[in-house]
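Since the model is a prediction, treat every value here as computed from it, not as a measurement. All values below were derived from every heavy atom in this structure, side-chain atoms included, with hydrogens, water molecules and symmetry-related copies excluded.
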Amino acid sequence: MMKMEGGVFTFGAGGYGQLGHNSTSHEINPRKVFELMGSIVTQVACGRQHTSAFVPSSGRIYSFGLGGNGQLGTGSTSNRKSPFTVKGNWFSYNGQCPQDIDSEDYFCVKRIFSGGDQSFSHYSSPQTCGPADDFRCPDPSKQIWTVNEALIQKWLSYPSGRFPVEIANEIDGTFSSSGCLNGSFLAISNDDHYRTGTKFSGVDMNAARLLFHKLIQPDHPQISQQVAASLEKNLIPKLTSSLPDVEALRFYLTLPECPLMSDSNNFTTIAIPFGTALVNLEKAPLKVLENWWSVLEPPLFLKIVELFKEVVVHLLKLYKIGIPPSERRIFNSFLHTALKVLEILHRVNEKTGQLIQYDKFYIHEVQELIDIRNDYINWVQQQAYGVDVSHGLTELADIPVTICTYPFVFDAQAKTTLLQTDAVLQMQMAIDQAHRQNVSSLFLPVIESVNPCLILVVRRENIVGDAMEVLRKTKNIDYKKPLKVIFVGEDAVDAGGVRKEFFLLIMRELLDPKYGMFQYYEDSRLIWFSDKTFEDSDLFHLIGVICGLAIYNFTIVDLHFPLALYKKLLKRKPSLDDLKELMPEVGRSMQQLLDYPEDDIEETFCLNFTITVENFGATEVKELIVNGADTAVNKQNRQEFVDAYVDYIFNKSVASLFDAFHAGFHKVCGGKVLLLFQPNELQAMVIGNTNYDWKELEKNTEYKGEYWAEHPTIKIFWEVFHELPLEKKKQFLLFLTGSDRIPILGMKSLKLVIQSTGGGESYLPVSHTCFNLLDLPKYTEKETLRCKLIQAIDHNEGFSLI
């Protein structure tokens with residue numbers, strides 16, 4: 001509402017006549033209330049659905065809007081679409097009481113109020129009445145305090161230890177009132193208005209940060225203590241889930257900038273109660289707050305995320321030390337609160353297309369502070385019993401916290417542990433089922449006994465055909481069993497090393513160009529499904545099964561697919577960035593098309609919605625959309641063209657082939673845990689990574705027999721190893737572990753063992769890939785060791801018992 005000397009302008013919702021326009025229409029722009037034009041209006045009070053105005057020249061009150069409860073004071077319960085005089089013997093103030101009227105029958109208005117369905121008037125008799133309040137002239141003594149530069153400077157001007165009571169009261173009054181804080185740090189826009197609404201907070205976050213940090217200083221502990229006490233005891237406990245308007249939400253945006261929130265001493269007294277109030281907000285105000293968060297500068301948004309991550313870590317450390325049973329319920333509530341706030345922030349981050357990187361939500365300390373395996377088992381049990389964690393915080397206090405409920409806090413290492421835990425549980429279930437069936441077969445001959453493991457017996461010279469034959473007959477339940485591989489004619493027992501080599505050899509064979517299943521891109525050295533293959537989809541299904549078995553059995557495989565494959569496995573769409581990775585030149589051309597600033601795109605690029613592909617020496621034109629050949633690419637539709645091009649390469653052209661691969665992969669390795677991974681994390685899980693740290697490898701190596709770190713043979717071994725070129729070092733990893741890549745968790749998770757052997761210097765080093773174990777003869781000469789080591793790693797294929 002806009003107040004003016006000559007009357008009143010109103011605008012907004014007018015469904016009950018509260019705008020006084022003699023109608024019930026809504027008004028976007030200010031419109032005059034004609035019955036009040038020409039009169040000086042000094043007070044306007046707005047209720048929920050009615051309005052009152054005071055005219056001092058006549059001393060009268062006018063009201064309009066909804067009157068069903070008598071709130072208009074017109075003597076009836078009817079509604080009024082235009083201003084009407086409130087009944088009563090009102091007297092205008094002129095400083096003296098006329099002699100010819102009985103002053104006891106007349107009243108001078110001091111101030112008017114409008115409530116939800118009520119109206120109030122504060123009055124005095126004509127003899128004692130002073131001038132009525134004039135809303136046009138603000139009285140500083142009656143204004144709320146706001147946190148500003150002048151006020152803070154005033155507070156800081158008093159030295160520590162000599163703090164006047166009136167200053168303490170000022171600080172307490174300011175920080176005990178959400179109105180004071182909501183009125184602080186306002187950002188004035190070009191039209192000198194704060195423009196607070198559902199999409200815009202009207203808050204100057206930089207001013208909030210600077211002023212809070214200026215106020216909270218180590219040199220003025222009394223100020224910090226008073227602010228903390230006011231927030232803890234007066235302000236935060238009074239916060240409600242329902243707010244009168246969007247302006248009351250500003251507090252939720254600015255308070256995290258206060259350094260007191262990040263002080264671990266205040267986590268349980270300020271930060272967690274603040275988080276509780278935030279989580280308990282009703283749907284509508286919470287949606288507004290989410291909108292405000294979504295347009296914050298990334299560092300400001302990150303600060304709120306970091307605050308509640310620190311709260312979670314603080315609580316988990318307390319849990320690790322030990323929580324008394326009597327305090328377990330309140331601990332559950334605190335931890336659920338902090339994680340629920342992070343869950344809301346994570347939801348906002350995902351909706352905005354990642355305001356901050358997804359890994360900024362990772363809490364790396366989780367794996368050190370809780371038993372992830374036990375947490376996962378408890379989570380599975382909660383799901384099995386139908387425990388609902390979407391309740392309010394009061395109900396959640398009775399539910400033990402499982403971090404798996406909030407999986408976005410898990411980093412790659414924690415997710416890997418979860419996936420391994422899930423695989424071990426499923427393996428154990430499959431083994432138990434096999435044992436039960438075998439026990440039953442002893443008493444019921446009609447029941448066939450089964451092996452508790454998935455056994456693959458293959459010949460090296462026909463590894464693909466033999467594997468296909470076994471896997472084609474394998475039941476789905478059997479894929480969940482531990483995998484054991486036997487190479488025909490070789491007497492090694494598979495404790496892991498034989499399995500590693502099987503994956504290496506079969507993937508090398510399946511990806512061989514002779515099958516024509518995949519197209520190799522020279523520029524990127526990557527492969528993608530070939531839409532020109534003659535191979536049956538069963539082979540693509542087999543590759544999916546092999547990849548799934550590799551993850552399920554904790555073995556990395558050598559696959560040169562782009563990140564797009566792992567996006568698709570996780571139900572995410574490939575993008576132009578994926579095209580740039582697979583086909584760099586084509587990707588750059590598409591980017592140039594999108595970035596071209598001129599309007600003459602049709603003439604410059606001469607493109608339509610088609611793609612030209614080679615098909616056995618001939619070129620073929622494929623339409624990307626219906627009538628694509630007749631649709632030119634222009635400035636308006638170029639993004640659509642790029643999206644269609646990417647979709648054709650990664651989806652449409654290879655749909656049936658990828659579907660077979662996807663079905664095979666998820667037959668072994670599907671489930672909720674897999675979906676927790678980011679595409680690049682899943683990629684690292686499948687193929688390992690190349691973040692080699694050879695010094696870390698040396699540091700983590702253990703020694704057996706006569707060897708120790710300072711043994712002469714060990715010292716020359718590491719001298720020789722560090723002098724090898726990169727390719728030879730990778731060959732050594734392949735020789736010793738069965739793969740030239742390292743696990744997703746890095747070198748720190750790759751533990752080698754070197755033991756002494758009784759053979760002389762004429763013997764070669766021998767590897768036991770099942771155990772990452774190296775038998776190293778006691779060489780005394782550096783060159784002898786170099787020669788024997790290279791000879792061993794150059795001839796590393798095949799297994800035999802040593």
Which pair of non-hydrogen atoms, one from [X] and one from [Y], has the smallest distance, and what is that distance?
{"X": "Ala564", "Y": "Asp578", "result": "N-OD1, 3.7 Å"}
{"X": "Asp794", "Y": "Gln731", "result": "OD1-NE2, 3.2 Å"}
{"X": "Pro562", "Y": "Glu581", "result": "CB-OE1, 3.6 Å"}
{"X": "Ala467", "Y": "Val458", "result": "N-CG1, 3.9 Å"}
{"X": "Lys480", "Y": "Val668", "result": "NZ-O, 2.7 Å"}

Under a 4.0 Å threshold between the charged nitrogen and the carboxylate oxygen, would [Y] count as salt-bridged to [X]?
{"X": "Glu365", "Y": "Lys320", "answer": "no"}
{"X": "Glu306", "Y": "Lys303", "answer": "no"}
{"X": "Arg588", "Y": "Glu585", "answer": "no"}
{"X": "Glu469", "Y": "Lys473", "answer": "yes"}

Evaluate the side-chain proximity of [Y] to [X]: yes if any heavy-atom separation is below 4.5 Å, no if none is.
{"X": "Val409", "Y": "Lys309", "value": "no"}
{"X": "Phe502", "Y": "Ile546", "value": "yes"}
{"X": "Leu594", "Y": "Gln591", "value": "yes"}
{"X": "Tyr779", "Y": "Glu761", "value": "yes"}
{"X": "Asn772", "Y": "Lys751", "value": "no"}
{"X": "Trp718", "Y": "Ile714", "value": "yes"}
{"X": "Leu733", "Y": "Trp694", "value": "yes"}
{"X": "Ser656", "Y": "Phe540", "value": "no"}

Please determine whether the number of non-hydrogen atoms from other residues, nucleotides or ligands lying under 6.0 Å from atom [atom1] of [X] exceeds 12.
{"X": "Tyr763", "atom1": "OH", "answer": "no"}
{"X": "Lys360", "atom1": "NZ", "answer": "no"}
{"X": "Glu461", "atom1": "CD", "answer": "yes"}
{"X": "Glu297", "atom1": "CD", "answer": "no"}
{"X": "Tyr319", "atom1": "OH", "answer": "no"}

Exercise for the section: Go through the structure and list residues passing salt bridge (charged side-chain N to carboxylate O under 4.0 Å, His left out) with Lys778, not counting sequence neighbours. Expected result: Glu706
Practice task
Mind checking the CD1-NE2 spacing from Ile716 to His711? Nearest 0.5 Å is all I need.
Solution key: 9.5 Å
Fill in the blank from the handout: Exactly one candidate in Tyr566, Phe529, Tyr520, Tyr521 meets ring pair (Phe, Tyr, Trp, His ring centres under 6.0 Å) with Phe561; the answer is Phe529
Problem - Sole candidate of Val470, Thr474, Ile463, Asp466 that passes side-chain contact (heavy atoms from CB on, under 4.5 Å) when paired with Leu456 - result: Val470
Exercise for the section: May I ask you to establish whether Lys568 and Phe658 are in a cation-pi arrangement, using a distance under 6.0 Å from NZ or CZ to the six-membered ring centre and at most 45° from the ring axis? Expected result: yes
Side chain to side chain donor-acceptor pair (under 3.5 Å) with [X]: which residues, sequence neighbours excluded?
{"X": "Lys788", "answer": "none"}
{"X": "Thr352", "answer": "none"}
{"X": "Asn378", "answer": "none"}
{"X": "Arg572", "answer": "Gln678"}

Exercise for the section: Check whether the side chains of Glu310 and Ser262 place a donor and an acceptor atom closer than 3.5 Å, and report yes or no. Expected result: no
Practice task
State, without any angle test, whether Asn651 and Lys573 hold a side-chain donor-acceptor pair at a distance under 3.5 Å.
Solution key: no
Exercise for the section: Any chance you could lay out the side chain to side chain contact (heavy atoms under 4.5 Å, CB included) test for Asn349 and Ile356, step after step, and finish with the verdict? Expected result: CA-CA 7 Å; Asn349 196 54; Ile356 58 176; 3.5 Å; yes
Practice task
Just jot down the side-chain contact (heavy atoms from CB on, under 4.5 Å) partners of Cys669, sequence neighbours excluded, or say none.
Solution key: Ile551, Phe665, Leu674
Problem - Phe717 and Phe721 aromatic ring geometry - parallel, tilted or perpendicular at 30°/60° bounds - result: parallel
